[in-house]
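Inspection log for the structure reproduced underneath, given as structure tokens.
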There are 2 protein chains.
Amino acid sequence: MTETLSPTTEQVDTREALLDAAESLFSELGIQASSLRAITQRAGANLAAVHYHFGSKEGLVRAVFSRRLKPLNEQRLRLLEACDLTADDAVEQVLNAFLSPLLRMSRETPEGVRDFARLMGRAYMEPSEEVREMLLEEIGEVVRRFTEALGRILSPLPGQELLWRLHFVAGAMGHTVACSHALEKHSHGLCQPSNPDEALRFMIPFLAAGLRAGTTP
Amino acid sequence: MTETLSPTTEQVDTREALLDAAESLFSELGIQASSLRAITQRAGANLAAVHYHFGSKEGLVRAVFSRRLKPLNEQRLRLLEACDLTADDAVEQVLNAFLSPLLRMSRETPEGVRDFARLMGRAYMEPSEEVREMLLEEIGEVVRRFTEALGRILSPLPGQELLWRLHFVAGAMGHTVACSHALEKHSHGLCQPSNPDEALRFMIPFLAAGLRAGTTP
DNA sequence: GTCTATATAGCGATAGAC
DNA sequence: GTCTATCGCTATATAGAC
């Protein structure tokens with residue numbers, strides 16, 4: 001009976017192996033430079049398996065992102081709801097709610113998720129229109145909710161300046177997760193961006209100070 | 001006589017046309033996705049011309065970057081030397097010296113240079129090891145000089161925290177020039193990142209406040 | 001569902017005529 | 001210096017056997 005009610009172990013394994021292999025390769029080489037041949041080889045699967053499971057390379061790309069983004073966004077919204085927006089450190093709380101789920105992905109599972117953090121940082125800059133639109137679709141609601149919360153805390157900051165500042169927050173965050181290797185190397189090990197606690201410890205005060213700066217005349 | 005002493009007009013034109021075409025295509029599609037066929041077609045040149053003038057695609061990439069980075073870095077260092085590091089707004093002055101030359105490139109020439117700003121923003125995130133190493137080579141001296149100046153102004157900020165904060169500055173700046181289109185669209189025209197004055201007006205106070213935040217315990 | 005084999009197209013690079 | 005023609009390779013995608 002079971003073989004008709006649920007996919008066999010092999011089915012699940014191949015699909016997941018393809019997602020894992022694609023995620024790590026996308027993170028290392030970028031999406032475009034990762035060929036289906038390299039992905040299926042790393043996954044120990046056949047070249048045609050990608051088209052069977054995901055239809056096309058683009059289908060695989062979407063699946064790689066949505067697999068991680070769904071739980072990530074849920075966690076962000078859960079943390080946001082737990083924030084006290086009237087507290088003195090409300091800005092810090094909200095920044096932490098947005099940043100820590102992504103940065104802490106590296107801790108929760110031995111491997112794979114850290115690749116995803118780097119991939120996410122790069123994805124915002126992807127030249128491919130499709131990738132960027134798909135991404136905005138996936139995180140649009142979260143961005144809207146966080147923008148609203150920060151707008152209320154920072155009131156009466158004008159909307160224009162709020163959007164500019166959130167743009168800088170996104171840039172600093174994306175750069176940190178995408179180029180952590182560069183900072184570690186450039187600082188000769190003094191900075192350890194792969195440690196989420198250290199990254200949050202420095203990032204949140206910096207960004208909070210920027211967000212709270214006086215309104216530009 | 002002249003034809004033996006200097007390159008003919010055609011020679012120069014082909015070389016420059018290739019650089020212009022490559023710059024705009026790299027900016028639109030990314031480096032890897034820009035084929036030599038597409039570049040030479042846009043330049044109105046022959047496919048083989050790239051290999052004649054630059055030896056390879058990598059040679060073309062290097063030439064595209066160094067053509068703009070040499071004058072850009074000279075201007076940055078010139079502005080840095082004109083900063084008063086003891087003034088109250090020393091941080092703002094140094095940030096302006098680093099940021100404005102890149103952001104203002106769009107003003108100085110009608111087209112082409114703005115593509116380069118976007119290309120620069122993306123380049124830091126390029127998956128290709130070669131591109132990133134070449135870039136560090138080209139801007140290493142400038143980064144060293146600006147790090148030293150900001151370290152002196154922000155003294156006694158610990159070196160570790162200084163490097164982290166400069167990392168955030170780089171992220172915000174890169175994201176702004178690379179994803180200006182996204183902010184313009186997302187803000188429904190309220191923010192105009194293609195206007196260098198507006199970008200600097202909001203970016204410098206934000207980053208200066210972050211850099212001057214109290215030392216993290 | 002997984003495999004082999006292949007279709008179709010594009011890539012960077014080079015040789016050699018002009 | 002510029003051109004055409006082509007080599008050798010890789011890409012995504014698919015058809016059909018098992």
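Sequence lines set the chain letters: A, B, ... in the order given, protein chains first and strands last, and positions in each chain run from 1.
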TODO: Determine the interplanar angle of the His175(A) and His167(B) rings, folded into 0 to 90°, and report it as parallel if under 30°, tilted if 30 to 60°, perpendicular if over 60°.
DONE: tilted

Task: Distance, rounded to the nearest Å, where Arg15(A) contributes CZ and dT2(C) contributes P - done: 12 Å

Task: Glu129(A)/Arg132(A) salt bridge by N-O under 4.0 Å criterion - done: yes

TODO: Under 4.0 Å between any heavy atoms, over every strand shown, what does Ser34(A) touch: base, sugar-phosphate, or nothing? Just pick one.
DONE: sugar-phosphate

- [ ] In whole angstrom, give the distance that lies between atom CD of Gln32(B) and atom P of dG10(C).
- [x] 18 Å

Task: Rounded interatomic separation in angstrom, taking CG from Asn46(A) and C1' from dC3(C) - done: 5 Å

- [ ] Salt-bridge test for Arg165(A) and Glu161(A): reply yes if a basic N is under 4.0 Å from a carboxylate O, no otherwise.
- [x] yes

Open item on the list: Regarding Glu141(A) and Arg144(A), does a basic nitrogen lie under 4.0 Å from an acidic carboxylate oxygen?
Closed with: yes

Open item on the list: Check Glu23(B) with Arg67(B), please: is the shortest side-chain N to carboxylate O separation under 4.0 Å?
Closed with: yes

- [ ] For the residue pair Phe206(A) and Phe168(B), categorise the inter-ring angle as parallel (less than 30°), tilted (30 to 60°) or perpendicular (more than 60°).
- [x] tilted

Task: Separation of atom CZ in Phe54(B) from atom P in dG12(C), rounded to whole Å - done: 15 Å

Task: Spacing between Glu130(B) atom CD and dG12(C) atom P, to the nearest angstrom - done: 14 Å

Open item on the list: At under 4.0 Å between heavy atoms, how does the protein contact nucleotides 13-18 of chain C? Give one character per nucleotide, 5' to 3', with B, S or -.
Closed with: BB----

Open item on the list: Can you see if the side chain of Ser35(B) gets near the phosphate of dC11(C) - specifically, an N or O under 4.0 Å from OP1 or OP2?
Closed with: yes

